Amino acid sequence: MSYWLFKSEPSAYGIDDLARDRVTAWSGVRNYQARNYMRDAMRPGDRGFFYHSSCPEPGIVGIVEVAGPAYADPTQFDRKSRYYDSGSDRAAPRWLNVDVRFASRTRLVGLAELRGAKKLRSMQVLQRGNRLSITPVTEAEWVCVQRLLEKT
DNA sequence: GCCAACGTTGGC
DNA sequence: GCCAACGTTGGC
């Protein structure tokens with residue numbers, strides 16, 4: 001069992017959208033490292049934080065669960081999609097994604113609060129220049145955020 | 001809107 | 001294989 005952080009711009013797809021849809025495809029990832037996390041390291045049942053970025057109040061806003069194994073991302077073959085990849089071969093798709101299921105909302109744990117927790121100092125999403133839409137979360141970090149969530 | 005950071009691309 | 005240019009991301 002591993003832990004993850006899924007980052008999304010709420011103007012594109014936020015926790016409200018996921019709460020409504022219950023399950024969504026984490027498609028459109030065009031970064032090899034993030035793809036490898038989904039393809040090689042994620043397991044159904046893994047849990048993650050849902051994080052809002054590029055918005056007035058960036059931070060963790062919910063808990064999600066990996067709903068199934070990675071599969072070929074259909075948007076790479078869709079010529080009309082902004083994620084279309086003419087270099088991807090149907091017989092050996094370049095891009096994969098998992099489905100993510102809504103688990104619960106949380107109160108907002110904003111960036112300043114995350115940065116204020118010493119145990120989260122090495123959390124990947126907080127590092128300079130981080131741009132991955134998926135980052136691993138250690139068990140210690142997961143527990144630390146859970147404790148923050150218990151406070152109000 | 002600005003700026004820093006990073007990945008990708010393409011010329012050589 | 002190198003590296004400059006470019007596009008994208010994300011916090012402020």
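None of the values given here were measured: they were computed from a predicted structure. Per chain, numbering begins at 1; letters A, B, ... match sequence-line order.
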Chemist: Please assess A:Asp85 against A:Arg94 for the test salt bridge (Lys or Arg N to Asp or Glu O under 4.0 Å), listing each intermediate value before the final yes or no.
Modeler: CA-CA 9 Å; A:Asp85 181 354; A:Arg94 181 177 290 171; 3.0 Å; yes

Chemist: What orientation do A:Phe6 and A:Trp26 show, parallel under 30°, tilted 30 to 60°, or perpendicular over 60°?
Modeler: perpendicular

Chemist: Under the salt bridge (charged side-chain N to carboxylate O under 4.0 Å, His left out) rule, what pairs show up with a residue in residues 9-23 of chain A, not counting sequence neighbours?
Modeler: A:Asp16-A:Arg105, A:Asp17-A:Arg20

Chemist: Quick one: how far along DNA chain C does chain A reach, first to last nucleotide 5' to 3', anything under 4.0 Å to a heavy atom?
Modeler: C:dG7 to C:dC12

Chemist: For A:Leu114 versus A:Tyr51, what's the shortest heavy-atom pair and its separation?
Modeler: CD1-CE1, 4.3 Å

Chemist: Under the salt bridge (charged side-chain N to carboxylate O under 4.0 Å, His left out) rule, what pairs show up with a residue in residues 25-48 of chain A, not counting sequence neighbours?
Modeler: A:Arg30-A:Asp73

Chemist: To 10°, what angle do the rotation axes through the five end pairs on each side of the helix from B:dG1-C:dC12 to B:dC12-C:dG1 form?
Modeler: 10°

Chemist: State plainly whether the residues A:Glu141 and A:Arg121 are in salt-bridge range, i.e. N to O under 4.0 Å.
Modeler: no

Chemist: At 4.0 Å (heavy atoms only), tell me whether A:Ser53 reaches a base, stays on the sugar-phosphate, or touches nothing.
Modeler: sugar-phosphate

Chemist: Could you list all the salt bridge (charged side-chain N to carboxylate O under 4.0 Å, His left out) pairs where at least one residue sits in residues 142-152 of chain A, not counting sequence neighbours?
Modeler: none

Chemist: If hydrophobic clusters are built by linking Ile, Leu, Val, Met, Phe, Trp and Tyr wherever their side-chain heavy atoms come under 4.5 Å apart, do A:Phe77 and A:Tyr71 end up in the same one?
Modeler: no

Chemist: May I ask you to list the residues of residues 118-132 of chain A, by number, that have any heavy atom positioned under 4.0 Å from an atom of DNA chain B?
Modeler: A:Arg128, A:Gly129, A:Arg131

Chemist: Taking all atoms of both residues into account, what is the closest heavy-atom pair of A:Ala25 and A:Asp99, and its distance?
Modeler: CA-OD1, 3.3 Å

Chemist: Is there a continuous path of hydrophobic side-chain contacts, each under 4.5 Å between heavy atoms, that joins A:Val98 to A:Phe50?
Modeler: yes

